[in-house]
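Below: the structure, in C-alpha cells.
Atom set for the values below is all heavy atoms of this structure, side chains included, hydrogens, waters and symmetry mates excluded. What you are looking at is a predicted structure, and each value in this text was computed from that prediction instead of being measured.
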Amino acid sequence: MATPTILVVDDDAGIRSLVSESLSMHGFSVLEARDTRAMDRALATNEVDLIILDVLMPGEDGISACRR
C-alpha cells in the first residue's frame, strides 16, 4: 500500500512547515504550496490523497479554490 500524500496549502511559511513536519513524522508524504497557484501546479504533477487548505490567503482564498 502506497504512503498517502497530503498537500499543505498555506501562505504562512511557519504554519506550513509546522504542519508538514508533523505529518511527515507520522509517516505521510507531504507536499507544500504557498498559494492556490502553487497548489494547482502541485496537483497537475502529483497524485494527492488529501489537501489541507488555508481559508484566508491573499489572491484566491481557500474557499474559492475548494469550490472549483
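Of all non-hydrogen atoms in D61 and T36, the two that sit nearest each other are O-CG2, 4.3 Å. Residue T3 comes nearest to G27 through the heavy atom pair CG2-O, 3.0 Å, listed as atom of the first residue, atom of the second, then distance. In this structure, R34 and M57 approach most closely via the heavy-atom pair O-SD, 4.3 Å. Scanning both residues, V19 and I52, for their nearest heavy atoms gives CG1-CD1, 4.2 Å. Counting all heavy atoms, side chain and backbone alike, A42 lies closest to L7 at CB-CD1, 4.1 Å. Here the shortest heavy-atom pairing between A65 and M39 reads CB-CE, 3.9 Å.
Distance check, rounded to the nearest 0.5 Å: CG of L23 to OG1 of T5 gives 11.0 Å.
Here the side chain of N46 pairs no donor or acceptor atom with the backbone of V48 at under 3.5 angstrom.
Shown are L53, D54, L31; of these, the side chain to side chain contact (heavy atoms under 4.5 Å, CB included) with V9 is made only by L53.
Within the structure, salt bridge (Lys or Arg N to Asp or Glu O under 4.0 Å) pairs that include any residue of residues 1-28 comprise R16-E32 (at least two apart or interchain).
Using a 4.5 Å heavy-atom threshold, the side chains of H26 and I6 count as separate.
If you chain together hydrophobic residues whose side chains sit under 4.5 Å apart, V30 and L50 fall into the same group.
Applying the 6.0 Å contact sphere to CZ of R67 captures no more than 12 heavy atoms from other residues, nucleotides or ligands.
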